Amino acid sequence: MAPSYTSTPEGTAPAGSKAPRRLVRRTLSRVPRVAALLAVLSLVPSTASAQLPDWTFDDAYDSDLVFIHPLANYALSPHWIREWERNLASQSSVRVTVGSVNQKTFFNDTRVRIDEALGDGPFRFLYSLRWLGGEHVDRELLQQFVGFELSVAQSLGFHALVHPTPDKGDVDASFGLIVADTGRERFLRASLRLDDLLYGDRNREGGESVQDAISIQWEGRYAGGRWELFSEGLYGRPSERVFPDTASSPQVVARTDRTNGSRTRLRWLSGDASFLELSFDHYRFEDRQAWREPLASYDYENGVSDLLIRYAFPLGQGRWRAWPGVHWLTQEAHASGREDQDLQRTDIMPTVFVEYLASAANSFELGYMGSASSRTLRSADPEQSFDRTAWADKVKLGWTHRFSPAARIQFSLSHEVAPDRFGGGNVQFLAFF
């Protein structure tokens, strides 16, 4: 017979049964204790790793192609770069290259320069934007400077620029001089750069500046006879900050960081349309953080040097040109604290590109790039340590359209020679105005 239910003071239960009622009473009596236990557990600090953002500095350590993308596959041609350098101080310009690195990451290098005379007077308006990001960059860079140049003589001028941001603590300033010839194709611009001028009084983290970041920044070009030289860079001391206010900065106690780097190109012109180029790039990144949870503190440094030699020359009757070259890249990175790692890496990257001018407005480009890499990682975790050598190569097919002598765009596709590996697209744009 199916049980019948009657209402009782303790609740509803099958008639004639006391066991379910006892179970209900025991369960209800435990609810406050369970709730109290959960509340206490919610107040217990979790481990440092659960509170911290992911450790991303070593994401690209095991990538065969991490440097092929920005330095070869998606780099502007030496002809585009040479033209941009020559007009850097005399014309306004924009140059963009964006390419796919993997399923989650784009490489992006965008530069906008405005250098315009204001009427017939001694003033020029200056604007500079740099946006750099990708798998090979430790921290994305997005920065702009705006200001004026005052000419005090035919070849001498002074400039003052500021980096305007919504956050007053991030405002930077740059002051310096420029020496240039009449056409401003040979020039040297040198600046004293002061980062985060108002940080001590205007930051949102309750931070106090122990040492401000002061740097020397330059860009310059020389051309004489068969020689051309271009150099740009920024080197300075790091910023050092402490954060005594636990409410404004609940995790970080102190931080020191710095990003330095330079690029220098030397060219020897062997003919009207051919040149031998030697280029050296240097990158140095440091980030040190002390956290209130000691296990979360870390010290990270990364240095990359790239030496490139290549030769650009015409082929046949002028419709073809090529630029073979080779990169020799070295990287040393060190991390201690949250992660204990030492990386040493060497990449030898031979490249060759050939371009065919189909018409005055259109050309096609075919490229081949390889990388022989040697990577050694020593980690406190033996499972993360490795010694590896690898060979990876890619092919590129691109189409360039010239809207005018001052504006052009290129679309390209590339793929690893191994058919089951990575392929990506790239867009490049260069214009003067």
Side-chain angles (χ1 to χ4, degrees), residues 45-71 101-102 104-105 107 132-142 195-196 205 207 210-211 213 215 234-243 249-262 281-306 328-347 371 373-390:
S46 59
T47 61
S49 61
Q51 297 178 3
L52 302 181
D54 292 337
W55 180 263
T56 60
F57 289 132
D58 59 358
D59 285 354
Y61 281 1
D62 203 26
S63 170
D64 297 342
L65 296 170
V66 62
F67 293 112
I68 278 189
H69 304 308
L71 300 182
V101 172
N102 53 46
K104 299 180 180 180
T105 308
F107 162 69
L132 177 65
E135 190 182 27
H136 70 299
V137 179
D138 293 301
R139 183 178 298 139
E140 183 182 59
L141 171 68
L142 177 56
D195 287 352
D196 304 335
E205 303 87 14
V210 177
Q211 176 175 275
S215 307
L234 180 145
Y235 286 95
R237 69 184 189 183
S239 64
E240 297 181 9
R241 297 163 182 169
V242 294
F243 306 92
S249 180
Q251 295 178 320
V252 180
V253 178
R255 179 171 184 171
T256 300
D257 65 5
R258 172 173 58 181
T259 302
N260 286 336
S262 63
D281 288 17
H282 178 247
Y283 167 82
R284 177 75 176 179
F285 176 82
E286 301 176 31
D287 187 2
R288 300 182 179 91
Q289 295 193 20
W291 287 55
R292 304 190 193 282
E293 167 53 59
L295 294 178
S297 301
Y298 66 83
D299 184 335
Y300 177 78
E301 301 177 10
N302 182 28
V304 180
S305 297
D306 175 47
W328 176 38
L329 181 141
T330 59
Q331 179 184 16
E332 291 188 9
H334 169 78
S336 60
R338 189 189 308 180
E339 297 284 341
D340 289 301
Q341 300 174 339
D342 285 287
L343 172 78
Q344 289 189 331
R345 175 172 183 149
T346 300
D347 287 59
S371 177
S373 61
S374 173
R375 308 188 293 276
T376 300
L377 179 66
R378 294 290 174 259
S379 173
D381 182 357
E383 294 185 358
Q384 294 182 359
S385 300
F386 59 77
D387 274 296
R388 262 175 222 154
T389 57

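Just so we're clear, the structure is a prediction, and the values are computed from it rather than from any experiment.
The line from CG of Leu377 to CD of Gln384 is 7.5 Å long, rounded to the nearest 0.5 Å. Note that CD1 of Ile68 is 8.0 Å distant from CG of Asp347, once rounded to the nearest 0.5 Å. Residue Asp58 holds its CG atom at 12.5 Å from OG of Ser63, rounded to the nearest 0.5 Å. Here the straight-line distance linking atom CG of Asn102 with atom CZ of Phe107 works out to 13.5 Å at 0.5 Å rounding. Here Asn302 contributes atom CG and Arg345 contributes atom CZ; the two are 11.0 Å apart, rounded to the nearest 0.5 Å. Thr346 contributes atom OG1, which lies 8.0 Å from atom CG of Leu329 (distance to the nearest 0.5 angstrom).
Using a 30° and 60° split on the angle between ring planes, Tyr283 and Phe285 fall in the parallel class, below 30°. Ring orientation note: the planes of Phe67 and His136 are nearly perpendicular, at an angle over 60° on the 30°/60° scale.
Closest heavy-atom contact between Leu234 and Thr259: CD2-O, 3.7 Å. Counting all heavy atoms, side chain and backbone alike, Arg375 lies closest to Ala390 at NH1-CB, 4.3 Å. When every heavy atom of Gly133 is checked against every heavy atom of Glu140, the shortest pair comes out as CA-CG, 4.2 Å. The two residues Ser215 and Gly236 come nearest to each other via the heavy atoms OG-CA, 3.6 Å. Nearest heavy atoms, Tyr235 versus His282: OH-ND1, 2.8 Å. Residues Arg292 and Pro250 approach most closely at CD-O, 3.3 Å, considering heavy atoms.
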- Take Asp287 and Arg255 through the test side-chain contact (heavy atoms from CB on, under 4.5 Å) and record every step on the way to the result. CA-CA 7 Å; Asp287 187 2; Arg255 179 171 184 171; 3.5 Å; yes

- Query: Given Asp138 and Arg284, is the salt bridge (charged side-chain N to carboxylate O under 4.0 Å, His left out) satisfied, shown in steps?
  - Reply: CA-CA 10 Å; Asp138 293 301; Arg284 177 75 176 179; over 6 Å; no

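With hydrogens and angles disregarded, no donor-acceptor distance shorter than 3.5 Å links the side chain of Asp257 to the backbone of Pro238. At least one donor-acceptor pair under 3.5 Å links the side chain of Ser297 to the backbone N or O of Trp291.
Side chains of Arg378 and Asp387 form a contact here, defined as non-hydrogen atoms less than 4.5 Å apart.
Among the candidates Tyr298, Tyr300, Phe57, the single residue satisfying the side-chain contact (heavy atoms from CB on, under 4.5 Å) test with Arg338 is Tyr298.
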